[in-house]
Amino acid sequence: MSDNVIEKNDNDGIVTLTFNRPKALNALNSDVLKALAAHLSELEGQANLRAVLLTGAGEKAFVAGADITEMRDKTPEQARAFAAQALSTIKRLERLPVPVVALVNGFCLGGGCELALACDWAVASDNAIFGQPEVLLGVIPGFGGTQRLPRRVGPAMAIDLVTTGRKIDAQEALRIGLVNRVMSQAELSSYAEELTKQLGGNGRQAVRAAKQAVHDGLDQDLDSALALETSLFAFCFAGEEQKEGMSAFVEKRKANF
Ligand code: DAK
């Protein structure tokens, strides 16, 4: 595996993973997927983890898709194995117990868009370009795009994007709910600091429980999901954070989690 295809920066539990193949617009090959899986194994065991940010090296691309050169000669069996490996890695990313945010700094196509969809939310620079152009290559999205895209933007828009393969700009991505915010490249590069401030005063266990409630609840009917929320709400009262957070409010001081 080549070194450094993903760079890691850890700022007190706010971890940024940077896809680092700028000459290939950070396209995802098997080395990158292996490196991502290895980083996830570390992050899953990291006690002080607060958030994970994904971004792309260079100013041109977040991730321009799966590596087409590597995919070209695959047999159906190899394609199935490749997709299965990627799907399980992307699922592990999605289920990290902390917020996972895509910082989309340019082309975000195919497998790159699917990676962003597996993040809890995405923010984009104003030059970002999104799309699921797989049909132009004679295939369909293979990293979850046909399933996560309709869940995020609705089936009509998802079918539009996966059947035409058209590219959309950051403003359209914002309008359809694919990204939460659009900002300049400079603002995007300081987003880690902004997120540090936003999460800084929050209970860590509460943040984890909030994410779990949303993810697990989305897979259930409403009554079961509300019961899950009740369990997690009650669970919060078993820990120190709830006592500290509510005491701090009553005593008119800042909570110290
Ligand atoms: N793979 C490999 N190399 C790529 C790449 C990619 N996806 N995208 C860009 N590159 C490389 C280019 O080949 C070029 O390399 P050199 O020629 O310099 O060696 C370099 O990056 C710079 O790209 P360009 O010269 O093309 O730059 P431009 O600014 O002119 O164009 C572009 C930028 C993003 C519009 C263009 O590069 C482009 O269209 N790239 C391909 C985008 C794309 O089609 N992405 C989707 C890939 S398909 C599945 C599993 C997974 C998937 C599907 C099925 N199963 C197992 C079922 C996922 C599929 C995909 O993601």
Side-chain angles (χ1 to χ4, degrees), residues 6-7 9-19 25-26 43 49-65 90 93-132 143-145 148-158 160-162 166-202 204 206-208 210-215 217-218:
I6 298 182
E7 278 183 356
N9 175 273
D10 186 340
N11 187 3
D12 198 19
I14 307 277
V15 172
T16 303
L17 297 180
T18 304
F19 293 93
L25 303 186
N26 305 320
L43 295 173
L49 190 65
R50 305 211 72 173
V52 174
L53 307 175
L54 298 188
T55 195
E59 294 189 345
K60 213 172 153 183
F62 171 67
V63 168
I90 287 177
L93 174 77
E94 183 172 52
R95 298 315 301 261
L96 281 173
V98 297
V100 179
V101 185
L103 308 184
V104 180
N105 57 320
F107 288 112
C108 180
L109 301 173
C113 194
E114 293 169 292
L115 198 60
L117 285 165
C119 295
D120 292 313
W121 73 88
V123 294
S125 59
D126 42 23
N127 67 331
I129 299 285
F130 296 79
Q132 296 286 171
F143 297 162
R148 290 195 180 92
L149 188 60
R151 283 166 169 77
R152 185 152 307 175
V153 305
M157 184 55 80
D160 169 350
L161 293 173
V162 299
R166 73 184 173 91
K167 298 186 179 68
I168 60 173
D169 63 17
Q171 285 305 332
E172 184 168 1
L174 179 66
R175 190 174 57 71
I176 67 174
L178 182 51
V179 302
N180 285 16
R181 285 167 58 190
V182 176
M183 52 188 74
S184 66
Q185 292 257 9
E187 286 169 315
L188 195 73
S189 58
S190 54
Y191 190 80
E193 290 155 38
E194 185 182 328
L195 193 62
T196 304
K197 282 188 206 134
Q198 285 177 353
L199 292 175
N202 303 345
R204 290 180 188 218
V207 169
R208 290 174 176 230
K211 171 167 174 172
Q212 187 190 341
V214 173
H215 272 284
L218 278 172

Just verifying a value: how many Å separate Glu194 CD and Met183 CE, rounded to the nearest 0.5 Å?
5.5 Å

CG on Leu117 to SG on Cys108, rounded to 0.5 Å:
7.5 Å

Taking salt bridge (charged side-chain N to carboxylate O under 4.0 Å, His left out) as the definition, give me every residue that meets it alongside [X], ordered by chain and number, with sequence neighbours left out.
{"X": "Arg148", "value": "Glu94"}
{"X": "Arg152", "value": "none"}
{"X": "Arg166", "value": "Asp160, Glu172"}
{"X": "Glu187", "value": "none"}

Any side-chain heavy atom of [X] sitting closer than 4.5 Å to one from [Y]?
{"X": "Leu53", "Y": "Asn9", "result": "no"}
{"X": "Lys60", "Y": "Leu25", "result": "yes"}
{"X": "Asp120", "Y": "Val101", "result": "no"}
{"X": "Val207", "Y": "Arg50", "result": "no"}

Shortest non-hydrogen separation from Thr18 to Gly56 and the atoms involved:
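Here Thr18 and Gly56 meet closest at CG2-C, 3.7 Å.
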
Taking every non-hydrogen atom, the tightest pair across Thr55 and Leu103:
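Smallest heavy-atom distance, with atoms named: OG1-O, 3.0 Å.
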
Results of side-chain contact (heavy atoms from CB on, under 4.5 Å) for Ala51 - residues two or more places apart only
Ile14, Leu195, Leu199

With sequence neighbours left out, write down each residue that passes side-chain contact (heavy atoms from CB on, under 4.5 Å) with Val153, or none if nothing qualifies.
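For Val153 the side-chain contact (heavy atoms from CB on, under 4.5 Å) partners, ignoring immediate neighbours, are Leu149, Met157, Ala158, Ile176, Leu178.
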
Could you pull out all residues at least two apart from [X] that satisfy side-chain hydrogen bond (donor to acceptor under 3.5 Å, both in side chains)?
{"X": "Glu59", "result": "none"}
{"X": "Asn202", "result": "none"}
{"X": "Ser125", "result": "Asn127"}
{"X": "Glu114", "result": "none"}

Verify, without hydrogens or angle tests, whether Lys211 (side chain) and Leu96 (backbone) share a donor-acceptor contact under 3.5 angstrom.
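Such a contact is found between Lys211 side chain and Leu96 backbone.
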
Any donor-acceptor N/O pair, Asn26 side chain to Phe62 backbone, under 3.5 Å
yes

Can you list the steps and then say if Val179 with Phe130 is a side-chain contact (heavy atoms from CB on, under 4.5 Å)?
CA-CA 10 Å; Val179 302; Phe130 296 79; 3.4 Å; yes

Partner set under ring-ring contact (aromatic ring centres under 6.0 Å, His included) for Phe143, not counting sequence neighbours:
Phe82

